[in-house]
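Following: one structure in structure tokens, then a few remarks.
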Amino acid sequence: MKMNELYAVGERIDIGSHTFTPEGIVHFASRFDPQIFHMDAEAAKHSLFGGLCASGWHSCSMWMRSFVDFWKSEQARLIAEGKTPPILGPSPGFKNLQWLRPVFAGDTISYGVTILDSRPLASRAGWTLYTLACDGVNQDGAPALRFESSVLAFE
């Protein structure tokens, strides 16, 4: 089974959401991005952002967590339906990452993925390279992040 047999090119698929708590923001930042506006709510009020906000890397890592969880549930669903799901991964990379607005404590980001294109690899029978638009929007529907990714599929 091919990915573009499961999902139409250009169709956005909701893959999950995450609510960013102050504790989660500080925990991630203390390990990976210890800047004051990610670490200290009071000091963040006086920063460019005006409040405690998640690292862009945190918002991207939650996209990945959402995608992995989504794909695991999709695999189980397809198997239960008697279908053989494609095997995904690895990704050869991403480009055009944009953090479009801050993700503040209390924000819920809903993540999505859209197949933009696919092409079989001439050098590997049964392998397909998919180009994906990946995004996250906040609870008000405002875009928070987006990037373009590629993923290999073994069908």
Side-chain angles (χ1 to χ4, degrees), residues 2-4 6-80 85-119 128-154:
K2 295 188 178 289
M3 290 291 290
N4 51 0
L6 293 169
Y7 314 104
V9 172
E11 172 190 1
R12 183 181 187 273
I13 301 136
D14 292 318
I15 61 170
S17 63
H18 179 77
T19 300
F20 289 80
T21 65
E23 299 80 15
I25 289 171
V26 170
H27 177 75
F28 184 94
S30 67
R31 297 185 65 212
F32 304 110
D33 193 357
Q35 298 183 70
I36 197 70
F37 39 82
H38 303 319
M39 300 280 299
D40 183 322
E42 190 57 38
K45 290 178 186 175
H46 307 289
S47 74
L48 170 70
F49 300 112
L52 186 69
C53 61
S55 166
W57 298 113
H58 189 181
S59 62
C60 285
S61 70
M62 295 315 301
W63 181 94
M64 191 70 221
R65 175 84 256 178
S66 295
F67 183 79
V68 168
D69 291 346
F70 166 79
W71 188 244
K72 282 182 183 179
S73 69
E74 281 292 273
Q75 286 176 308
R77 178 184 68 81
L78 292 166
I79 290 167
I87 299 168
L88 298 184
S91 169
F94 71 93
K95 62 183 181 180
N96 300 325
L97 172 60
Q98 297 176 298
W99 292 311
L100 301 165
R101 64 183 20 82
V103 174
F104 291 104
D107 282 354
T108 298
I109 304 300
S110 297
Y111 295 106
V113 63
T114 305
I115 297 174
L116 298 176
D117 190 29
S118 66
R119 69 173 175 85
T128 304
L129 181 66
Y130 289 92
T131 303
L132 310 173
C134 309
D135 68 75
V137 298
N138 70 16
Q139 64 279 353
D140 299 319
L145 69 98
R146 70 175 156 231
F147 59 97
E148 188 177 297
S149 181
S150 298
V151 67
L152 289 169
F154 312 92

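All residue numbers in this chain count up from 1 along the given sequence. Just so it is clear, the values below take in all heavy atoms, side chains as well, and ignore hydrogens, waters and symmetry mates.
A perpendicular orientation is assigned to the rings of His18 and Phe20, their planes being inclined by more than 60° (bins at 30° and 60°). A parallel orientation is assigned to the rings of Phe67 and Trp71, their planes being inclined by less than 30° (bins at 30° and 60°). In this pair, Phe147 and Trp63 present their aromatic rings perpendicular. The plane angle is above 60°, beyond the 30 to 60° band.
Listed here is the closest heavy atom pair of Gly10 and Thr114: C-CG2, 3.4 Å. When all heavy atoms are compared, the tightest approach of Pro22 to Ala105 is CG-CB, 3.8 Å. Of all heavy-atom pairs spanning Ile109 and Ala144, the tightest one is CD1-CB, 3.9 Å. Minimum heavy-atom separation, Met39 to Leu52: N-CD1, 3.9 Å.
When each of Phe32, Trp99, Phe28 is tested with Trp57 by the rule ring-ring contact (aromatic ring centres under 6.0 Å, His included), just one qualifies, namely Trp99.
Counting heavy atoms of neighbouring residues, nucleotides and ligands inside a 6.0 Å radius, atom CZ of Phe94 does not exceed 12 of them.
Here the straight-line distance linking atom CG of Asp40 with atom CD of Gln35 works out to 13.5 Å at 0.5 Å rounding. How far CG of Leu129 is from CG of Leu132: 9.0 Å, rounded to the nearest 0.5 Å. Summarising the geometry, atom CD belonging to Glu148 is positioned 12.5 Å from atom CG belonging to Asp135; distances are rounded to the nearest 0.5 Å. For the atom pair OG of Ser30 and NE2 of His38, the computed distance is 11.5 Å after rounding to the nearest 0.5 Å. Residue Ile25 holds its CD1 atom at 9.5 Å from CZ of Phe104, rounded to the nearest 0.5 Å. With rounding to the nearest 0.5 Å, the separation of OG in Ser91 from CE in Met64 is 8.0 Å.
For the 3.5 Å distance criterion, the side chains of Thr131 and Asp117 fail to qualify, holding no donor opposite an acceptor. A donor-acceptor pair shorter than 3.5 Å can be found between the side chains of Thr108 and Thr19.
Side-chain contact check for Thr128 versus Leu152: every heavy-atom pair is 4.5 Å or farther apart. Looking at heavy atoms from C-beta onward, His58 lies out of side-chain contact with Asp33 at the 4.5 angstrom threshold. Considering only heavy atoms from C-beta on, Ile36 stays 4.5 Å or farther from His46 through its side chain. Residues Arg65 and Phe70 form no side-chain contact, since every pair of their non-hydrogen atoms from C-beta on lies 4.5 Å or further apart. Between Ile15 and Ser66, the closest side-chain pair of non-hydrogen atoms falls below 4.5 Å. By the 4.5 Å heavy-atom criterion applied to side chains, Asp107 and Asp140 are not counted as neighbours. Between Leu100 and Arg146, the closest side-chain pair of non-hydrogen atoms falls below 4.5 Å. Taking 4.5 Å as the limit, some side-chain heavy atom of Leu145 sits within range of a side-chain heavy atom of Tyr111.
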**Item:** Leu78 and Leu6: CA distance, side-chain angles, deciding distance, side chain to side chain contact (heavy atoms under 4.5 Å, CB included) verdict
**Value:** CA-CA 10 Å; Leu78 292 166; Leu6 293 169; 3.6 Å; yes
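The pair Arg12-Asp14 meets the salt-bridge criterion, since a charged nitrogen lies less than 4.0 angstrom from a carboxylate oxygen.
Under the 3.5 Å distance criterion, the side-chain polar atoms of Tyr7 are left unmatched by any main-chain donor or acceptor of Ile13.
Residues passing the salt bridge (charged side-chain N to carboxylate O under 4.0 Å, His left out) test with Arg101, sequence neighbours excluded: none.
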